Amino acid sequence: MEKWVSMPKVELHAHLNGSIRDSTLLELARDLGEKGVVVFSDFEHVIQKDDRSLTEVFKLFDLIHIVTTDHQIITRITKEVIEDFAAENVVYLELRTTPKKNDSIGMSKRSYLGAVLEGIKAVSTVDVDFRPHDAVVRIPKNSPPIYDTCNGSTRKKIYVRLLLSIDRRGTTEAAMETVNLALEMRDLGVVGIDLSGNPIVGDWSTYLPALKFAREQGLYITLHCGEVPNPKEVRSMLDFLPQRIGHACCFEEAEWEKLKSSSIPVEICLTSNIRTNTIPSLDIHHFADLYSAKHPLVLCTDDSGVFSTSLSNEYNLAASAFGLGRREIFQLTRNAVEFIFAGDGVKRELKEIFSSAEQKLDQ
Ligand code: IMP
Ligand code: ZN
């Protein structure tokens with residue numbers, strides 16, 4: 001694994017609450033058990049398991065949703081998730097999260113996002129670049145690309161950008177509220193919008209007005225697309241021309257053709273697809289076909305906590321399942337810099353990171 005851990009990586013599809021550490025979830029579930037909010041023994045064995053079934057995955061999401069109704073816990077999860085990605089040399093991270101509201105504890109969607117921002121500020125093991133507007137960023141000449149020197153010590157650095165998720169269960173108004181929050185928080189590092197949630201719920205026409213508005217306002221857009229068979233929706237999503245899509249599992253021939261001719265980059269989440277049974281096995285995963293067609297792709301985790309994976313593990317999995325070497329995986333990641341939701345300044349810095357890492361690749 002070390003060769004994948006040491007490689008610089010970009011993570012473009014990570015749901016904040018799906019990326020929670022097992023140890024944190026266990027601790028929080030025990031606390032909630034003591035307070036009588038949940039029955040701890042119902043969750044204990046599921047949290048401690050590595051290989052969770054789909055039913056167990058949803059059981060964990062249920063627990064996570066109970067846990068994430070506290071501002072301090074959201075702040076803690078955010079901090080830890082960023083530190084965990086940085087620890088495995090993710091140099092650029094786009095985190096996505098669904099703004100949540102809970103009147104009973106005074107949580108509004110805005111205050112939920114405030115807690116996320118606090119978590120980003122609280123990161124202590126690594127320097128976080130959370131600059132909002134690339135256009136006004138001035139990159140100092142000859143600045144070291146991956147490490148910043150701070151008080152004489154060399155510090156690791158990670159770029160973090162935030163996407164707000166529209167939940168498929170919501171209304172057009174709720175989707176619009178999410179887009180408006182993203183616009184309001186643009187100066188605080190929110191760069192785009194994601195559409196996610198249970199794929200068998202909701203209709204594309206519900207979210208379309210908000211997504212159109214988001215695009216008019218210059219926000220980047222990525223859509224969970226084709227997680228279940230729904231050719232009409234897949235076609236509408238591809239016609240919308242989002243900057244990226246996630247998964248692309250249940251496509252038919254016409255949709256593959258449409259996708260390939262559009263060159264919309266695809267966020268590939270191997271473990272997630274297998275665990276959720278969206279794809280029966282890796283030997284028939286569409287990664288292979290898209291890769292050989294040179295379609296833009298990026299390997300991602302989706303929910304590293306819930307699916308017990310890491311980005312290094314996803315790289316390892318792709319390498320062994322599709323017969324790719326270290327250089328090929330490195331090049332795949334390096335190519336993904338072109339479709340991150342950040343401006344030219346950040347892309348330039350990331351390219352420098354990859355150029356210097358390339359020299360050490362064969363050592
Ligand atoms: P959060 O938005 O930070 O709370 O992250 C968890 C949420 O992300 C879940 O409740 C879902 O709405 C969404 N999510 C996570 N994984 C998936 C997936 O595989 N498909 C669709 N939505 C997902
Ligand atoms: Zn996802």
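Predicted model, so just to flag it, every value in this text is computed and none were measured. Note that ligands are numbered from 1 as they come in the structure, with each ligand's atoms numbered from 1 the same way.
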Side chain, backbone, both or neither: the part of Leu16 lying under 4.0 Å from ligand 1 by heavy atom:
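Within the 4.0 Å criterion, Leu16 contacts ligand 1 through backbone and side-chain atoms alike.
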Please report which non-hydrogen protein atom sits nearest to [atom], along with the residue it belongs to and the distance in Å to one decimal place.
atom                    : result
atom 16 (N) of ligand 1 : Asp303 OD2, 2.7 Å
atom 12 (O) of ligand 1 : Gly197 CA, 3.5 Å
atom 5 (O) of ligand 1  : His15 CB, 3.6 Å
atom 18 (C) of ligand 1 : Glu227 OE2, 3.5 Å
atom 6 (C) of ligand 1  : Phe61 CE2, 3.6 Å

Under 4.0 Å from any heavy atom of [X], which atoms of ligand 1 are there?
X      : value
His65  : 10 (O)
Thr97  : 1 (P), 2 (O), 3 (O)
Thr98  : 1 (P), 2 (O)
Asn17  : 1 (P), 3 (O), 4 (O), 5 (O)
Lys100 : 1 (P), 2 (O), 4 (O)

With a 3.5 Å cut-off and sequence neighbours excluded, list the donor-acceptor pairs that the side chains of residues 211-219 form with protein atoms.
unit_1 : atom_1 : unit_2 : atom_2 : d
Arg215 : NH1    : Phe240 : O      : 2.4
Arg215 : NH1    : Leu241 : O      : 3.2
Arg215 : NH2    : Phe240 : O      : 3.1

Can we call the ring centroids of Phe322 and Phe287 under 6.0 Å apart?
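Ring centres of Phe287 and Phe322 closer than 6.0 Å.
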Would you call Arg168 a ligand 1 contact, heavy-atom distance under 4.0 Å?
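Arg168: no contact with ligand 1 (<4.0 Å).
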Touching ligand 1 at all, Asp302? Heavy atoms, strictly under 4.0 Å?
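Yes, Asp302 has heavy atoms under 4.0 Å from ligand 1.
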When you measure from the side chain of [X] to the backbone N and O of [Y], does any donor-acceptor pair fall under 3.5 Å?
X      : Y      : result
Ser308 : Ser304 : no
His65  : Phe61  : yes
Arg168 : Val201 : yes
Asp303 : Ser19  : no

Measure from the Zn ion (ligand 2) to each N, O or S atom of His13 and report whether any distance is below 2.8 Å.
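Within the cut-off used here (under 2.8 Å), His13 does place an N, O or S atom near the Zn ion (ligand 2).
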Kindly confirm whether the Zn ion (ligand 2) is within less than 2.8 Å of some N/O/S atom in His224?
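For His224, the answer is yes, given that an N, O or S atom comes within less than 2.8 Å of the Zn ion (ligand 2).
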Considering just N/O/S atoms, say which atom of Asp302 is closest to the Zn ion (ligand 2).
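In Asp302, the heteroatom (N, O or S) nearest the Zn ion (ligand 2) is OD1.
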Tell me whether Lys59 forms a cation-pi arrangement with Phe43, defined as NZ or CZ under 6.0 Å from the six-membered ring centre and within 45 degrees of its axis.
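So Lys59 does make the cation-pi contact.
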Cation-pi geometry met for Arg244 and Phe341 (6.0 Å, 45°):
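Ring-cation test returns yes.
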Under 4.0 Å between a Lys/Arg side-chain N and an Asp/Glu carboxylate O for Asp203 and Arg169?
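No, this pair does not count.
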Any idea how His224 and His13 line up, ring-wise: parallel (<30°), tilted (30 to 60°), or perpendicular (>60°)?
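Aromatic pair His224/His13 classed perpendicular.
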